[in-house]
There are 2 protein chains.
Amino acid sequence: MKRSSLADAPCPIARGYNAIGDWWSLLVVTHVVLLGRGRFSQIQDELGIAKNILSSRLRKLVDEGILEREAVAEGGNRQVYVATEKGRELYKVLVPLMQWGQTYFFEADDCPRELVDRSTGLAVAEVSIRSADGRELTLDDLRVLMHDGADSSA
Amino acid sequence: MKRSSLADAPCPIARGYNAIGDWWSLLVVTHVVLLGRGRFSQIQDELGIAKNILSSRLRKLVDEGILEREAVAEGGNRQVYVATEKGRELYKVLVPLMQWGQTYFFEADDCPRELVDRSTGLAVAEVSIRSADGRELTLDDLRVLMHDGADSSA
DNA sequence: CCGTATCCATTCCGATACTG
DNA sequence: CAGTATCGGAATGGATACGG
């Protein structure tokens, strides 16, 4: 299987993952979406990524409609990368991932990153999965319906 | 930068991504966690992954404590891969990713996968990010606190 | 059925040098 | 500052053959 063929997979996880799931893309997206880093050299320095790789990832992410290039008015050729709506919506994936990493890869309160509500300073709650009527769902409550054939029971 | 050095990054997203974010791992995890596929050949067939690659991914995921091997009693050497608690908790990441893929890579109701509550058949709600006191937070409401130095404002 | 071992092609990545 | 071009080494991936 070619990696790119996932773009046509009949599965939203596969397609979504195909867009952001190569080695550096998600990290770049995180920097732009969550941390608001828009400048090329800033991303490069903080991520420690090679310039040619960063360049190709940014181009790919722009092609996919996740990021946009904006020219900064002032002199020189400064540019900024900004997340589109499609890119911004990824925070709903990034926040749970961050919480999962925090839980399983750091000791108790040892994690150097913390998410808070900007206006109140209050912590962000653990993400919960809920049904349409608001009840919290565990993994065992979930069922994946396959509309094109075989059903799955977990 | 070596890829493996992310395991020590001071960032929960980087560490978490390091564990599941290479090309096939997340797809394998999805199959086991969300779809309950535990058998080697079943995962291999459905994913179209080469056997040696699947083998190495499974080993890595077991090493990381995300999956576990269980022997099936009956004759032959059948085994099953099951998600640990650490692995099961990833559904909080997989569900939003699935919803994101559904929204941006499929037409309206054209997506062949649907998540429902097993007991009621009700759809799963769009994941929302909330503060500790339950208010829904947009991306702009979020602030990432850096406990080891520079702060970030988005 | 569940893998492991080997081989080979392709891709990825980082370092360096170069352009506007 | 913001990239592009090129090069060589390393990792990844698929096919095939083999073993418990």
Side-chain angles (χ1 to χ4, degrees), chain A residues 1-9 14 17-29 31-32 36-64 67-82, chain B residues 1-9 14 17-29 31-32 36-64 67-82:
Chain A
M1 172 188 267
K2 282 281 192 41
R3 300 166 62 127
S4 58
S5 70
L6 281 189
D8 303 315
Y17 190 54
N18 186 56
I20 54 164
D22 59 27
W23 188 251
W24 288 110
S25 292
L26 185 72
L27 271 2
V28 171
V29 167
H31 257 66
V32 176
R37 307 287 199 260
R39 298 227 322 284
F40 189 94
S41 61
Q42 195 175 17
I43 301 173
Q44 197 218 330
D45 288 348
E46 294 181 8
L47 241 34
I49 181 179
K51 292 205 292 184
N52 49 356
I53 305 297
L54 176 55
S55 177
S56 75
R57 289 302 180 276
L58 286 170
R59 202 179 319 127
K60 184 192 152 207
L61 289 167
V62 168
D63 284 349
E64 279 162 345
L67 301 183
E68 271 173 347
R69 271 177 85 156
E70 276 182 17
V72 171
E74 94 195 51
N77 55 347
R78 321 235 324 198
Q79 268 127 32
V80 176
Y81 289 88
V82 183
Chain B
M1 170 189 269
K2 282 280 188 43
R3 302 167 60 131
S4 58
S5 70
L6 280 189
D8 303 314
Y17 190 55
N18 186 56
I20 54 164
D22 59 29
W23 189 250
W24 288 109
S25 292
L26 185 72
L27 271 1
V28 172
V29 167
H31 257 66
V32 177
R37 307 289 198 258
R39 296 227 323 284
F40 188 94
S41 61
Q42 195 174 20
I43 301 174
Q44 197 216 331
D45 287 348
E46 294 181 9
L47 241 32
I49 180 177
K51 291 204 291 185
N52 49 356
I53 306 297
L54 175 56
S55 176
S56 74
R57 288 301 181 279
L58 287 170
R59 201 180 319 127
K60 183 191 151 205
L61 290 167
V62 168
D63 284 349
E64 279 161 346
L67 300 183
E68 270 173 348
R69 272 177 84 154
E70 275 181 18
V72 171
E74 94 196 51
N77 55 347
R78 318 233 330 197
Q79 268 126 34
V80 175
Y81 289 88
V82 183

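Side chains are part of it too, since the values below use all heavy atoms of this structure and drop only hydrogens, waters and symmetry mates. Each chain gets a letter, A, B and so on, in the order its sequence line appears, and its residues count up from 1.
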Whole-Å distance between [N] [atom2] and [X] [atom1]?
| X | N | atom1 | atom2 | answer |
| --- | --- | --- | --- | --- |
| B:Leu54 | D:dT12 | CG | P | 15 Å |
| B:Ile53 | C:dC7 | CD1 | C1' | 13 Å |
| A:Gln79 | D:dC1 | CD | C1' | 9 Å |
| B:Gln42 | C:dG3 | CD | C1' | 16 Å |
| B:Leu61 | C:dG3 | CG | P | 13 Å |
| A:Glu70 | D:dA2 | CD | P | 14 Å |
| A:Leu58 | D:dC1 | CG | C1' | 14 Å |
| A:Gln44 | C:dT16 | CD | P | 13 Å |

Query raised in the report: Would you call B:Leu6 and A:Leu27 a side-chain contact if the rule is heavy atoms closer than 4.5 Å?
Result: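 A side-chain contact under 4.5 Å exists here.
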Query raised in the report: Do the non-hydrogen side-chain atoms of A:Asn18 and B:Trp23 ever get within less than 4.5 Å of each other?
Result: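 Contact flag for A:Asn18/B:Trp23 side chains = yes.
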Can you see if the side chain of [X] gets near the phosphate of [N] - specifically, an N or O under 4.0 Å from OP1 or OP2?
| X | N | value |
| --- | --- | --- |
| A:Trp24 | C:dT11 | no |
| B:Tyr81 | C:dG3 | yes |
| B:Arg69 | C:dC2 | no |

Requested in this report: Would you indicate which nucleotide in D:dG14, C:dC12, D:dG13 comes nearest to any side-chain atom of B:Ala50?
Outcome: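 Given the options D:dG14, C:dC12, D:dG13, the side chain of B:Ala50 is closest to D:dG14.
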Query raised in the report: Nearest of C:dC1, D:dA2, D:dG13 to any side-chain atom of A:Arg39?
Result: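 Comparing C:dC1, D:dA2, D:dG13 against the side chain of A:Arg39, the answer is D:dA2.
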Report task. Calculate, to the nearest 0.5 Å, the distance between atoms NE2 and CG belonging to B:His31 and B:Leu26 respectively. Result ->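 The distance works out to 11.5 Å.
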Enumerate the protein-to-nucleotides 6-9 of chain D contacts in which both atoms are nitrogen or oxygen and the separation is below 3.5 Å.
{"from": "D:dT6", "atom 1": "O4", "to": "A:Asn52", "atom 2": "ND2", "distance (Å)": "2.9"}

Query - Which residues share a side-chain hydrogen bond (donor to acceptor under 3.5 Å, both in side chains) with B:Glu64, sequence neighbours left out - result: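 Here no residue qualifies.
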Query raised in the report: In chain order, what residues pass the side-chain hydrogen bond (donor to acceptor under 3.5 Å, both in side chains) check against A:Arg69, with sequence neighbours excluded?
Result: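 So A:Arg69 forms a side-chain hydrogen bond (donor to acceptor under 3.5 Å, both in side chains) with A:Gln79.
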Report summary line: Taking Watson-Crick and G-U wobble contacts under 3.5 angstrom, with | marking pairs to another strand and [ ] crossing pairs, the secondary structure of DNA chain D is written ||||||||||||||||||.|
Query - Those residues that, when tested against A:Gln42, pass side-chain contact (heavy atoms from CB on, under 4.5 Å) (two or more places apart) - result: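 Scan of A:Gln42 (side-chain contact (heavy atoms from CB on, under 4.5 Å), adjacent residues dropped) gives A:Arg37, A:Arg39, A:Glu46.
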Requested in this report: State which residue, out of A:Ile20, A:Leu58, A:Ile53, fulfils the side-chain contact (heavy atoms from CB on, under 4.5 Å) condition with A:Val28.
Outcome: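 Passing option: A:Leu58.
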Query raised in the report: Can you name the nearest heavy-atom pair linking B:Tyr81 to B:Val62, along with the distance?
Result: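 Between these two residues, the closest heavy atoms are CE2-CG2, 4.0 Å.
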Under 3.5 Å between N/O atoms: give me all the protein pairs with nucleotides 17-20 of chain C, atom names plus distance.
{"from": "C:dG20", "atom 1": "N2", "to": "A:Asn77", "atom 2": "OD1", "distance (Å)": "3.3"}
{"from": "C:dG20", "atom 1": "N2", "to": "A:Asn77", "atom 2": "ND2", "distance (Å)": "3.0"}

